[in-house]
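What follows is a set of notes on a single structure, which appears directly below.
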2 protein chains.
Amino acid sequence: MATSGRGPRERMVFSAAQLLRRGGVAATGMREVAVHAAAPRGSLQHYFPGGKEQLVNEAVGWAGRYAGKRVARLLAALPEPTPSALFAEMVRQWTDEYETAGFAGGCPLAAATVDCAGTTASTREATAAAFAAWTAPLAAALTGMGVPGGRSDALATLMISSLEGAIIMARAEQDVRALTTVSRELGPLLDAAAGKAG
Amino acid sequence: MATSGRGPRERMVFSAAQLLRRGGVAATGMREVAVHAAAPRGSLQHYFPGGKEQLVNEAVGWAGRYAGKRVARLLAALPEPTPSALFAEMVRQWTDEYETAGFAGGCPLAAATVDCAGTTASTREATAAAFAAWTAPLAAALTGMGVPGGRSDALATLMISSLEGAIIMARAEQDVRALTTVSRELGPLLDAAAGKAG
DNA sequence: CCCATTCTATGACCATCGTCATAGGGCTGT
DNA sequence: ACAGCCCTATGACGATGGTCATAGAATGGG
């Protein structure tokens, strides 16, 4: 698996993001990344002279851009776009994975933040940039649905915060309850903000 | 610091929880815990024959009980108890820490979940129990403020999820923005649920 | 055909860490 | 004083992991 990407470098970044989700940064070995990516171990030091730190930072950046693009993709697939429907789709990505593949993986951004925010400055900056790359398209989507400009950023932050926290709770409980709960409880609030100015 | 607790055992559990917050499970060494707790290293194998796994699990349990008790304490200190005020106080615990002590630490439950949920079954169970020990008193408090029984659990889950996610975003951004945002945006929703049945 | 650049291969080094083994203090009760 | 128990002390072991050094392919332009 994980053989789709083009070059070995890209595959390694992708695999790193994938493995980050499971056990966090420290539990993810460089050799393990190479194996998972079906990439030669010798390429690690060639493509990532900055070592593990660089690889993790790029994986985080990749994850942030992926999340940002996914917002647009989900939005485009909605029959009638409403904030609650978008959020429900974002949540559904996770409930689907958990119900079909188990609760092994979480969000790579959360993993990198939890493990590195207090110790590795460059990785912390990478996570901040990644969250920004996720929040911005989401806020723009909300604005496009009628949410006033001043609220869009706040609601996007609320959506992502709730989702991240619910992912953690779901993994702990091995139950998607927390995810479905935040989706259900937050939906009306989001749609209300889109309906009329708040 | 961290010398208040009674026995060395209790201090080590407390210190483990403290250190977990910084770099996660893998980044927290047993020797480091002993040093931080000002406890003899030889006591580790004596008090925690189950090794690191046991120590981490007890630290997680301690954190869960602490969070549960803190809900009651914050509630009692509120001049006029409303759900939004309680949530604001929960959030304020974190903004206060971050503004005075920096963004070094996150939530130990999140750290243990991110690092161990997919690999260490006993730790995952400990995190689930800890979240339950936190959610239950919170839901009870909401019920006591007029939230209908069916909504209390859901809103407690929403509050904790949002808080956990906002903690992660705040650490990434080194800014309490996400925390204050979720508090402000969620407040009206919580109070509305307490006012009349939903 | 050659050379330079890019990529890969692999073994070794060193630090760290969890764990264990073994032994030593220090107290209590009799 | 002795026995027994709880706690502490400390060195060693084995494993893991990130990084480095060095060398070997492979590719592509001249």
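Naming convention: chains lettered A, B, ... in sequence-line order (proteins, then strands); numbering from 1 in each chain.
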Where do N or O atoms of nucleotides 15-19 of chain C meet protein N or O atoms at under 3.5 Å, pair by pair?
from: dG18(C); atom 1: OP1; to: Thr28(B); atom 2: O; distance (Å): 3.2
from: dG18(C); atom 1: OP1; to: Lys52(B); atom 2: NZ; distance (Å): 2.7
from: dG18(C); atom 1: OP2; to: Met30(B); atom 2: N; distance (Å): 2.7
from: dG18(C); atom 1: N7; to: Arg31(B); atom 2: NH1; distance (Å): 2.7
from: dG18(C); atom 1: N7; to: Arg31(B); atom 2: NH2; distance (Å): 3.4
from: dG18(C); atom 1: O6; to: Arg31(B); atom 2: NH2; distance (Å): 3.0
from: dT19(C); atom 1: OP2; to: Lys52(B); atom 2: N; distance (Å): 2.9
from: dT19(C); atom 1: O4; to: Arg31(B); atom 2: NH2; distance (Å): 3.3
from: dT19(C); atom 1: O4; to: Arg41(B); atom 2: NH2; distance (Å): 3.4

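Using bins of under 30°, 30° to 60° and over 60° for the plane-to-plane angle, the ring pair Tyr98(A)/Trp94(A) lands in the tilted bin.
Arg21(A) forms no cation-pi arrangement with Phe14(A), by the criterion of a distance under 6.0 Å to the ring centre and an angle within 45° of the ring axis. Annotation: cation-pi geometry not satisfied between Arg11(B) and Tyr47(B) (NZ/CZ under 6.0 angstrom from ring centroid, within 45° of ring axis).
For DNA chain D, runs of at least 3 consecutive pairs of the Watson-Crick or G-U wobble type, with both hydrogen-bonding distances under 3.5 angstrom, map to C:1-24 with D:7-30.
Counting only N and O atoms by type, the side chains of Thr157(B) and Arg177(A) include a donor and acceptor under 3.5 Å apart. Counted by atom type alone, Gln93(A) and Glu89(A) present zero donor-acceptor pairs between their side chains at under 3.5 Å. Looking at Glu53(A) and Ser122(A), their side chains do bring a donor and an acceptor atom within 3.5 Å of each other.
One can place CD of Gln45(A) at 16 Å from P of dA12(C), the figure rounded to the nearest angstrom. Straight-line distance from the CZ atom of Arg9(A) to the P atom of dT6(C): 14 Å, rounded to whole Å.
Taking 4.0 Å as the cut-off between side-chain N and carboxylate O, Arg22(B) and Glu32(B) do not count as a salt-bridged pair. A salt bridge links Arg151(B) and Glu185(A); the closest N-O separation between the charged side-chain nitrogens and carboxylate oxygens is under 4.0 Å.
When DNA chain D is scanned 5' to 3' for any atom under 4.0 Å from a heavy atom of chain A, the first and last hits are dG17(D) to dA21(D).
Side chains of Leu158(A) and Ser162(B) form a contact here, defined as non-hydrogen atoms less than 4.5 Å apart.
Within 6.0 Å of CZ in Arg92(B) there are 12 or fewer heavy atoms belonging to other residues, nucleotides or ligands.
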